[in-house]
Amino acid sequence: EPAEFISSELYNISINDDGNLIVRWNKQNNMNLVQSFHFYEGAEGPIVEELHHTINEWVSQVVRIYPEEEHIEFDWLVGPIPAKDKVGKEIVTRYSSNLKTDNVFYTDSNGREMLKRVRNYRPTWDLELKEPISGNYYPVTSKISIKDEEKQLKLSVLNDRAQGGSSLQDGAVELMIHRRLLKDDAFGVNEALNETAFGEGLVARGTHYLFGGKVKNVDKFVLKEKELALKLALHPWILGVSFDWNSIDNMR
Amino acid sequence: EHLDHFREAMGVMQHHDAVTGTEKQLVANDYARLLYKSMSHAGEMISEAVGKWSGLANEPSVKVFTCLELNISSCAFSEQNDMFIVVVYNPLSRPVSTYVRLPVKENSYSVLSLNDDGLFQDMQMVPIPERVQKIPGRLSNAVNEVVFRVENIPALGLKFYAVAKQSREEIIEQS
């Protein structure tokens, strides 16, 4: 029996040996909860500041800011997605802001111009969506944006690979970063999207750049975004050179 | 001849399933195999090009390595060598600045720019998150990354940096 515990007709709350708080529902034997504190590791320095953010056993990210860059870098890591519960999962990361966007968002067209998307709407017919989430998803090859026309604020997420994306609530954008499905969706491939490696679900790691702010000069803002998108899509190559040197001076 | 592998792979990748990723799993695996093979062949071309640009083309011991697993903070080359040169190539047609992250095993490294006077470069050691270190199949012992900024790489050009598993003070003392 734990030394420290409190209880009522409904709950029994105690602290286990690991120092975590356990809540048990007295009337539902199969329901309990653990409340615990965690910390995020941070790293600060002259070149980069980063925060290591763990969400659960299979989702985490590193958030980075650089003093000489205007964007925030999200280095996400997802997987192996558990499938023991027999539930297929599509993992999205959502950036929710306070911008008023009136159902409108923009996605790029294969890295070319930005196309206006309106939630639950198609320009040439009256739309009745049977699948309100996937029906509002669009391909995002390099960028998804939202704008607050009144405040003249813009928020963009740039991705390093093609992903599905949407804005399902005003002010929010989301991108699907990984998925593990256990059944075929019956749209033609005739197999479930369930990739495995080393006997487990696949682990995916990738990058998003979050860039936003006041649009004072549209041309300048768009140019900056374009440069950033190109830098992410066509990142400089890093190569190593080996040579018979034995000292730094020789190397110089 | 080496470039032909890439040409052929890019020819196959024009298929609409390859462009959109709607191919079957076995086909996706085959596309990955084709691209990987093409990239390995391209390594020799890159090696020749870097040799030419650096003026070391006639040195038989010069070898260029590509790190295809930098996305999971893994690079056998930077992990296994105590002293090496890093070449940063800009594939864009205008200058860019970027950050280089090199996975390493130890805690103390120095970076020198070989583009001007061999000056010490500002750099930072950053830990690799534990979850990244535990990615299934990741064959790497790197626990840290050396991070430094590369300013203004010329359009379609290169910049060279030396990385050593020695502190700045140790290098100065030796020199």
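Residue numbers begin at 1 in each chain, while the letters A, B, ... track the order of the sequences.
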From the list B:Ile135, B:Leu102, B:Asp17, the residue making the most non-hydrogen contacts under 4.5 Å with chain A is B:Ile135
Taking the side chain as every heavy atom from C-beta outward, state whether B:Cys67 and A:Ile238 have any pair of such atoms under 4.5 Å apart. no
Identify which part of B:Met123 has an atom lying under 4.5 Å from any heavy atom of chain A, answering side chain, backbone, both or neither. backbone
Could you tell me whether the side chain of A:Leu129 reaches within less than 4.5 Å of the side chain of A:Asn136, counting heavy atoms only? yes
Could you tell me which portion of A:Asp75 (side chain, backbone, both or neither) has an atom closer than 4.5 angstrom to a non-hydrogen atom of chain B? neither
Check B:Lys165 with B:Glu79, please: is the shortest side-chain N to carboxylate O separation under 4.0 Å? no
Is it the backbone or the side chain of B:Val96 that comes under 4.5 Å from a heavy atom of chain A, or both, or neither? side chain
Would a 4.5 Å heavy-atom cut-off, applied to side chains only, mark B:Pro91 and A:Trp237 as touching? yes
Could you go through the side chain to side chain donor-acceptor pair (under 3.5 Å) check for A:Ser156 and A:Glu225 one step at a time? CA-CA 8 Å; A:Ser156 296; A:Glu225 264 188 355; 2.4 Å; yes
Looking at chain A, which one of B:Gly21, B:Ser73, B:Ser47, B:Cys75 has the largest number of heavy-atom pairs inside 4.5 Å, strictly under? B:Ser73
Heavy-atom distances under 4.5 Å only: say whether A:Val203 touches chain B with side chain, backbone, both or neither. side chain
Between A:Thr54 and A:Ser60, is there a side-chain donor-acceptor contact under 3.5 Å, judged purely by atom types and distance? no
Which atoms of B:Asn81 approach chain A - backbone, side chain, both or neither, heavy atom under 4.5 Å: neither
Full working for side-chain contact (heavy atoms from CB on, under 4.5 Å) between A:Tyr137 and A:Met176: CA-CA 9 Å; A:Tyr137 255 73; A:Met176 188 175 292; 4.2 Å; yes
Which atoms of B:Val50 are under 4.5 Å from chain A, going by heavy atoms: the side chain, the backbone, both sets, or neither? side chain
Examine whether an atom of A:Arg64 lies under 4.5 Å from a heavy atom of chain B, and if so say whether it belongs to the side chain, the backbone or both; otherwise answer neither. side chain
Which atoms of A:Val62 come close to chain B, meaning under 4.5 Å heavy atom to heavy atom: side chain ones, backbone ones, both, or neither? side chain
Taking 4.0 angstrom as the limit, do B:Lys134 and B:Glu130 come out as a salt bridge? yes
Checking heavy atoms, do the side chain of B:Val150, its backbone, both or neither come under 4.5 Å from chain A? neither
With a 4.5 angstrom heavy-atom cut-off, is it the side chain or the backbone of B:Thr22 that approaches chain A, or both, or neither? backbone
What part of B:Leu158 gets closer than 4.5 Å to chain A, counting heavy atoms only: side chain, backbone, both or neither? neither
Note, B:Met125 side chain near B:Val147 side chain (heavy atom, < 4.5 Å): no
For A:Glu68, is it the side chain, the backbone, both, or neither that has a heavy atom closer than 4.5 Å to a heavy atom of chain B? both
Check each atom of B:Glu151 against the heavy atoms of chain A and say whether the ones under 4.5 Å are side chain, backbone, both or neither. side chain
Of the listed B:Arg138, B:Arg101, B:Glu23, the one with the largest count of heavy-atom pairs under 4.5 Å with chain A is B:Arg101
Note: vs chain A, highest number of non-hydrogen pairs under 4.5 angstrom among B:Asn90, B:Thr98, B:Val19 is B:Thr98
Flag the pair A:Asn194 / A:Leu181 as yes when at least one side-chain heavy-atom distance between them is below 4.5 Å, and no otherwise. no
Examine B:Phe148 together with B:Tyr99 and report whether their ring centres are nearer than 6.0 Å. no
